[in-house]
Amino acid sequence: MPFIRKIKRGNRIYLAEVENHRDGVKVRQKLIRYLGLDPTCLQDDIPFKINNLKVGSVKVFGAVIALESIARELGFFDLLGDIAAPILTLVFAHCLEYRSVDDAKEWFETTDLPNIFGYQKMPINMLHNAIEALSKRDSSAIQKSVFENLCNLLGEDSSGVVYDATNTHLAGTRSSLANKGKDKEGVRNRKLIQIGLGVTRNLGIPIFHHTREGNIHDTMMFREAIQQFNDMGIRKGLMVFDRGITSKTCVSELSNTGWHSLAGIPIHRGIKSAISNLDLERMQKFRNIVIQGDTEFFVKPIKFEVGGVSGKLIVMQNSRKRQEIARFRRFKIIKARDEFRDFGVSIPEELEIFFNRTKSINWHAITRAERFDGLSFIFTDAKIAVAEAVHLYFAKDIIERCFKLEKSILNLRPIRFWLDSKIKVHVLICHLALSLLTTCRIRLQKQGIYDDIGRIFKKLNSIYKIYFSIDKSRDARFSKVNTLSNYQSSILKIIAPKLEM
């Protein structure tokens, strides 16, 4: 059984959590973790001898107290009311070290949440009852309130938004939302549900999540999202979305409701016709260069129409990618030709268009294919400069980072609930957790700190609260927080400025 050991080094006493184990005939101590400097060893005003102290429990403190402080700033406690403690237990667990509902009971007791929330235990039935209660509340109203608080706290406006959808697989079997399909990783026949996410363009503040059946197309999700934005009070501005969502109907509906579009466009017959007379070689001039991150684009705007909405099609040519694609294609074609000629190996189906009936290389087909190498397209009906449109479009990567965060740290997948109502609560809990982590990220970035948020919280997890008692005295109990490093102290001041320790 683990216990706390005092280690004296010089004039200081350190604490470590250890446990005994047998090594042959000898009993040795195995180190579990260092707890830092004994917080009582530097105190001169302690009215008792240190030898009379007994170290009781050691609780994870730094990370949970920071999240609790941010949750209060965002009004989570008032918003959730009588179910705040169990729901926020799950929210904090998602932020720090995800546990299933059944495991949350043990995780709760390893933290200082019993002292923070005033509940010494967090029974499983209390968690399930809270989930059931939350499923009966208006999810949209909760998300709207959280979004408004985030904007007020972080100084964001909603004049520009980004939307995207992803899918995640389901472990349960009773959900009507789950439908078999191919997920984003290319795995087929998984039971999937679709999850849409809207965030602000500038800071990436989450606005809402919504869920639908796994086999619904992203375009249908997007049409619902337009209504969701309206319900959130965001009725006009610039909508940025990916080419997988773009359709004539979406662009038309956005225009009719007062929105402007900035959308990726997949290459199709209409695009090929629009650029048929465009000299791609003459595009490669200095005045046409737009630098986006580490990538250099040659750009050219031309008049274009999508779904009856007039705007401009921005043709973007990535010359480096163009060369790499052409080189790799030619390598595969020559390899296929040599293997057919020398060993009689059949030419792969996807390469047959580059060979004549006599199995000789069709260089005209290669030239036609190479014309579109390294090209990508953006459509917008907004009156913005070409360079600004390119930068704004690629800023949509912020939503990909949100999804990555949800699927890794927040453990959005796989969803292990079975019933539709519980699945939607799980997504809402992820939304609340994402709001907390987004607040931390933005506050850190404003101070020039771009460290991975998961690593930051792992460092905060080593801040413990240690509970002491005094021999022969039941009432003399107190607690101390172990000594913080300069890094931990500065991080806490940034992400939770109202926290008093």
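Each residue takes its place number in the sequence, starting with 1. Owing to the predicted nature of the structure, the values given are computational and were not obtained by experimental measurement.
Remark: the N202 side chain and the T200 side chain contain no N/O donor-acceptor pair separated by less than 3.5 Å. Between the side chains of S462 and Q488, a donor-acceptor pair is found at a separation under 3.5 Å. Counted by atom type alone, Q227 and D231 present one or more donor-acceptor pairs between their side chains at under 3.5 Å.
Ring geometry for F241 versus F222: interplanar angle of 30 to 60°, hence tilted. The aromatic rings of F229 and F208 sit perpendicular to each other, their planes meeting at more than 60°, with 30° as the lower class boundary.
Aromatic pair H426/H431: centroids not less than 6.0 angstrom apart. The distance between the ring centers of H210 and Y163 falls below 6.0 angstrom.
Checked for salt-bridge contact, E109 and K59 miss the test: no charged N lies under 4.0 Å from a carboxylate O. A salt bridge links R443 to E73: at least one charged side-chain nitrogen sits closer than 4.0 Å to a carboxylate oxygen. For E324 and R320, the salt-bridge test fails: no basic side-chain N is under 4.0 Å from an acidic carboxylate O. A salt bridge does not link R243 to D164: none of the charged side-chain nitrogens sits closer than 4.0 Å to a carboxylate oxygen.
Of the possible polar contacts, none joining the T211 side chain to the I195 backbone as a donor-acceptor pair under 3.5 Å is found. Looking only at distances, no side-chain donor or acceptor of S145 sits under 3.5 Å from a matching main-chain atom of I142. In this structure, the side chain of T246 engages the main chain of D242 through a donor-acceptor pair within 3.5 Å. Panel note: side chain S490, backbone N486; a donor-acceptor pair is recorded below 3.5 Å. Judged by distance alone, the side chain of E213 and the main-chain N or O of Q194 form no donor-acceptor pair under 3.5 Å. Side-chain atoms of T111 come within 3.5 Å of backbone atoms of L113 as a donor-acceptor pair (strictly under, hydrogens ignored). With T439 contributing its side chain and S435 its backbone, the two residues share a donor-acceptor pair below 3.5 Å. Of the possible donor and acceptor atoms, one in the side chain of N482 sits under 3.5 Å from a partner among the backbone N and O of Y464. Between the side chain of D452 and the backbone N or O of R455, at least one donor-acceptor pair lies under 3.5 Å.
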Inset, instruction - Go through D82 and R137 one step at a time and tell me if the salt bridge (Lys or Arg N to Asp or Glu O under 4.0 Å) criterion holds. - result: CA-CA 13 Å; D82 59 346; R137 298 192 182 183; 3.1 Å; yes
Legend entry - S139 vs Q143, side-chain hydrogen bond (donor to acceptor under 3.5 Å, both in side chains): CA-CA, chis, key distance, verdict: CA-CA 6 Å; S139 174; Q143 293 183 90; 3.3 Å; yes
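Residues satisfying the ring-ring contact (aromatic ring centres under 6.0 Å, His included) criterion with Y393, sequence neighbours excluded, are absent altogether.
Y467 OH: more than 12 foreign heavy atoms inside a 6.0 Å radius. Within 6.0 Å of atom NZ in K446, more than 12 heavy atoms from other residues, nucleotides or ligands are found, so the atom counts as buried in its surroundings.
For the pair K459 and Y487, the distance from NZ or CZ to the six-membered ring centre is under 6.0 Å and the angle to the ring normal is within 45 degrees.
Across I245 and A165, no two heavy atoms sit closer than the pair CD1-N, 4.4 Å. Residues A496 and A66 share a closest heavy-atom pair of CB-O, 4.1 Å.
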